Enquirer: 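Got a structure here, written out as structure tokens. Questions coming.
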4 protein chains.
Amino acid sequence: MSSNKSRPNRQRSALEPQRRRGKDRVAALMEAAAGVIAERGFESATMAEIAARAGAQIGSLYRFFPNKEALADALIYRYGEIVREAFEKIEARASALSVHDLADALLNVLFELHGESQTMVALLEARSEWSVKRNEFRRAAVQYIARILTLRAPHLRPDTVEDVAVVLLHTMKTLKALTIQQGVAINTGAPAELREMTRLYLASKFGEK
Amino acid sequence: MSSNKSRPNRQRSALEPQRRRGKDRVAALMEAAAGVIAERGFESATMAEIAARAGAQIGSLYRFFPNKEALADALIYRYGEIVREAFEKIEARASALSVHDLADALLNVLFELHGESQTMVALLEARSEWSVKRNEFRRAAVQYIARILTLRAPHLRPDTVEDVAVVLLHTMKTLKALTIQQGVAINTGAPAELREMTRLYLASKFGEK
Amino acid sequence: MSSNKSRPNRQRSALEPQRRRGKDRVAALMEAAAGVIAERGFESATMAEIAARAGAQIGSLYRFFPNKEALADALIYRYGEIVREAFEKIEARASALSVHDLADALLNVLFELHGESQTMVALLEARSEWSVKRNEFRRAAVQYIARILTLRAPHLRPDTVEDVAVVLLHTMKTLKALTIQQGVAINTGAPAELREMTRLYLASKFGEK
Amino acid sequence: MSSNKSRPNRQRSALEPQRRRGKDRVAALMEAAAGVIAERGFESATMAEIAARAGAQIGSLYRFFPNKEALADALIYRYGEIVREAFEKIEARASALSVHDLADALLNVLFELHGESQTMVALLEARSEWSVKRNEFRRAAVQYIARILTLRAPHLRPDTVEDVAVVLLHTMKTLKALTIQQGVAINTGAPAELREMTRLYLASKFGEK
DNA sequence: AATGAATGAGATTTCATTCAT
DNA sequence: AATGAATGAAATCTCATTCAT
């Protein structure tokens, strides 16, 4: 059927893996996508650059991801899983944590997605009308935070909890944005201030000093 | 005919209209641009749609704004002026304000740019490496906030003041983002929570109850 | 979607086609480009017409040549190679040639690039500040001529040789221009006169009668 | 009829001539056009830049020159007149000149159009199918040179004279091109060589030593 | 006469996506 | 599966020219 006639294997190194496993390829593509999107934003990231950075061909990229949206969704999903795990860890010890530590733990969820969180932010910033997945992620994150808050402070009204969760999610995003902050001088003081603000707020909400 | 890419209009900034007609046109173009950018984000807004919405020809748009960047800069500048005025009003009565009122006043600066603030956010979110103007705006805003804080709480250390200002600016943006919140249910509780968080934080910084 | 002017393809040079199909296409595109540029001049030649004449889609043209400059460079390079070969043939038998034959051989280098030399001239005439490649070509040609002259007349001072080479290169271009001569009556006498002038000059330089 | 309502004369300096004489304006426009065309070539020169450089408005430019071609024609005509005068001066003393001096005199005709000759070259290089005037200029120049040659060497056959004239005209252009030569190092030797070549050639044609 | 705004066709370029091999 | 060529709509931008005031 498919002959190799038109692509003779001259200079094909014996050791070069000719057919990377699909999984590796997908991983490489997603990593490349994350990098490009983080650098340029979702809109400006091009499928061609993503493929190139992954050492793949554009056709290969489209084999695994039928379009750009799907790629974004896959990334969101992957990060979503990581984030979910982080939330679950916090949830497990929620009731044991001091306000201070809980605030920090939450803030660190996004923060510790080191390289990738920039991608997350870029993805979440992109015009969202197009994608359902992005909103789902937001909603899920809010739910997780709300659940954790409820565990720690069961007396809070459900309505309030959700509002607080929304605020906290934004604060998490802000922390990330603060540390990325385009260009030069990385502001070391501001993140500390943001952490303090969050602690104060949580403490107040929990009715603790 | 022949276009000349070696002598692009990249550097020229927005042209000042001389006549009544031009002034009207520029106003219409900027309003249209604000609308389209708010709706679609900066990257996805097209010059053609902007011109069309302003009832202008594409050439007319380019007469006054030599490129998309220049249009963005003009918008930033315009909103920058509005914001500056708002800050100056706050500055004038800074020492007389309660912490509560100061926090609200600051949060309202961006918030009250009603229609336009969505544009602002879109513009500020756009990949910033490209534009100097956008960063200038950020810096100026931080300076204004820092000055106001110093007036109200002269005992704060200059370093700290700047960090606090950075945090507050982000909070202002967040408030706006919360109220826009793509799509459906406008979250009424969350903004109130955010305001409360800001007040608590400021009060703590000021050493007041 | 969104175009990104901050990351233009300006620097990338022509893409090497990998497959049979691409090679044919590139050949067709270059031929079409040569034709259109020869007819209209570089500035007035449009990418659309070039693509159409090659039976290609505009996107196909841009796949291989990221911009108009790159196309020009590729053409210059191709003709440069042909010219280089011609010079090398002359070089090989330089010391054996009579003044008369050497003059003719040099004049024929450009002259015999039959169809294409018109393109060359158009390309070389285009404002040169834009392109490095074009100047490189000029410089290389001068070096070749100078080397040939030195082989044949080793007693000439290196400075002088280069100046003579510059004059000869212009004469070569002039011969071509004379035979193209826009529009009507092809002047048969003038080229002969130009050849005679060149011979006289070379003979004088070589100190031969 | 025409009131100044919309353009009040605030800050209009009393000494600033408000309405330049048409002649001055035309002169300024032509000078500006010459400059821009010399720098960028005819195709790439834009009417807007020409007007701007003349301190005029685009509408003003079009009042005097109905289109770009007309502007080119006017320039050609103007330089044509200058060239004509130069030729006539040479003609007047043609029979008294040595071959050496005649060659130099002819070469200097274009050469001494100091600033403007670059414009001439640009204009003459532009695709000519569009313009009749440009060819006329060429033809006229050839006629002048031919007449001068005939005066000095009446024994030359008319056919030959015209061919020689064509060659000489190209040599004149070449001399100019050599001295402009884009970029840095002005080749001082090459022009001298070109002059020598021309003298040798003329001397030979005239049957003189 | 002068000014500057308006026009709009057309130029270059980009890029997501599809297709043939 | 993989490769890389093809597609073509759409985006940005240019500019000669016309027009209203």
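Just so you know, these numbers come straight off a predicted model, no measurement behind them. Chain letters run A, B, ... following the sequence lines, proteins first and then strands; every chain starts at 1.
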Enquirer: Nearest to the side chain of B/Arg63, which nucleotide is it out of E/dA6, F/dT7, E/dA5?
Expert: E/dA5
Enquirer: When the distance from CG of C/Asp24 to C1' of F/dA5 is rounded to whole Å, what number comes out?
Expert: 12 Å
Enquirer: For a quick check of understanding: with a heavy-atom distance under 4.0 Å over all strands, which category does A/Ala51 fall into, base, sugar-phosphate or nothing?
Expert: nothing
Enquirer: In whole angstroms, how far is the P atom of E/dA11 from the CZ atom of C/Phe42?
Expert: 14 Å
Enquirer: B/Gly59 or A/Gln57: which one's nearest nucleotide on DNA chain F is closer to the 5' end?
Expert: A/Gln57
Enquirer: Measure the CZ-CD distance between B/Arg25 and B/Gln57 for me, rounded to the nearest 0.5 Å.
Expert: 8.0 Å
Enquirer: Test C/Phe42 against C/Glu69 for side-chain contact (heavy atoms from CB on, under 4.5 Å), laying out the working first.
Expert: CA-CA 10 Å; C/Phe42 178 68; C/Glu69 258 313 297; 3.9 Å; yes
Enquirer: With distance as the sole criterion, do the side chain of B/Arg19 and the base of E/dT3 form a donor-acceptor contact below 3.5 Å?
Expert: yes
Enquirer: Check B/Glu39 with B/Arg53, please: is the shortest side-chain N to carboxylate O separation under 4.0 Å?
Expert: yes
Enquirer: Return the CG to OG1 distance between B/Leu124 and B/Thr119, rounded to the nearest 0.5 Å.
Expert: 11.0 Å
Enquirer: If you check every side-chain atom of C/Leu15, which of E/dG8, F/dA5, E/dG4 has the closest atom?
Expert: F/dA5
Enquirer: Once pairs are restricted to Watson-Crick or G-U wobble with both distances under 3.5 Å, how does DNA chain E read as a dot-bracket string, [ ] for crossings and | for other-strand pairs?
Expert: .||||||||||||||||||||
Enquirer: So what does A/Phe64 hit on the nucleic acid, given a heavy-atom distance under 4.0 Å: a base, only sugar-phosphate, or nothing?
Expert: sugar-phosphate
Enquirer: How many whole angstroms separate atom CG of C/Asn67 from atom C1' of F/dC13?
Expert: 15 Å
Enquirer: May I have the distance from C/Lys23 (atom NZ) to F/dG4 (atom P), rounded to whole angstrom?
Expert: 11 Å
Enquirer: Measure from CD on A/Glu49 to C1' on E/dT14 and round the result to the nearest Å.
Expert: 13 Å
Enquirer: Compare the minimum distances between each of F/dT7, F/dT14, E/dA6 and the side chain of B/Tyr62, then state the nucleotide with the smallest one.
Expert: F/dT14
Enquirer: Got a second to check how far C/Phe65's CZ is from C/Ile50's CD1, nearest 0.5 Å?
Expert: 9.5 Å
Enquirer: With a 4.0 Å cut-off on heavy atoms, is C/Arg20 in touch with a base, just the backbone sugar-phosphate, or nothing at all?
Expert: nothing
Enquirer: Closer than 4.0 Å, any side-chain N/O of B/Arg25 to the OP1 or OP2 of E/dT7?
Expert: yes
Enquirer: Whole-Å distance between F/dA1 P and A/Ile58 CD1?
Expert: 19 Å
Enquirer: When you measure from the side chain of D/Met47, which nucleotide among F/dT17, E/dT17, E/dT13 comes out closest?
Expert: F/dT17
Enquirer: So, taking the atom named CG in D/Leu61 and the one named CD in D/Glu49, what distance separates them when rounded to the nearest 0.5 Å?
Expert: 12.0 Å
Enquirer: Examine C/Lys68 relative to C/Tyr62 and say whether NZ or CZ is less than 6.0 Å from the centre of the six-membered ring and inside a 45° cone about the ring axis.
Expert: no
Enquirer: Judged by each residue's nearest nucleotide on DNA chain F, which is more toward the 5′ side, B/Ser60 or C/Gly22?
Expert: C/Gly22
Enquirer: Roughly how far apart are B/Leu71 CG and B/Ser13 OG, rounded to 0.5 Å?
Expert: 12.5 Å
Enquirer: Can you check the B/Leu61 CG to F/dC15 C1' distance for me, whole Å?
Expert: 15 Å
Enquirer: In this structure, how many angstroms lie between the C1' atom of F/dC15 and the CD1 atom of D/Ile50, rounded?
Expert: 12 Å
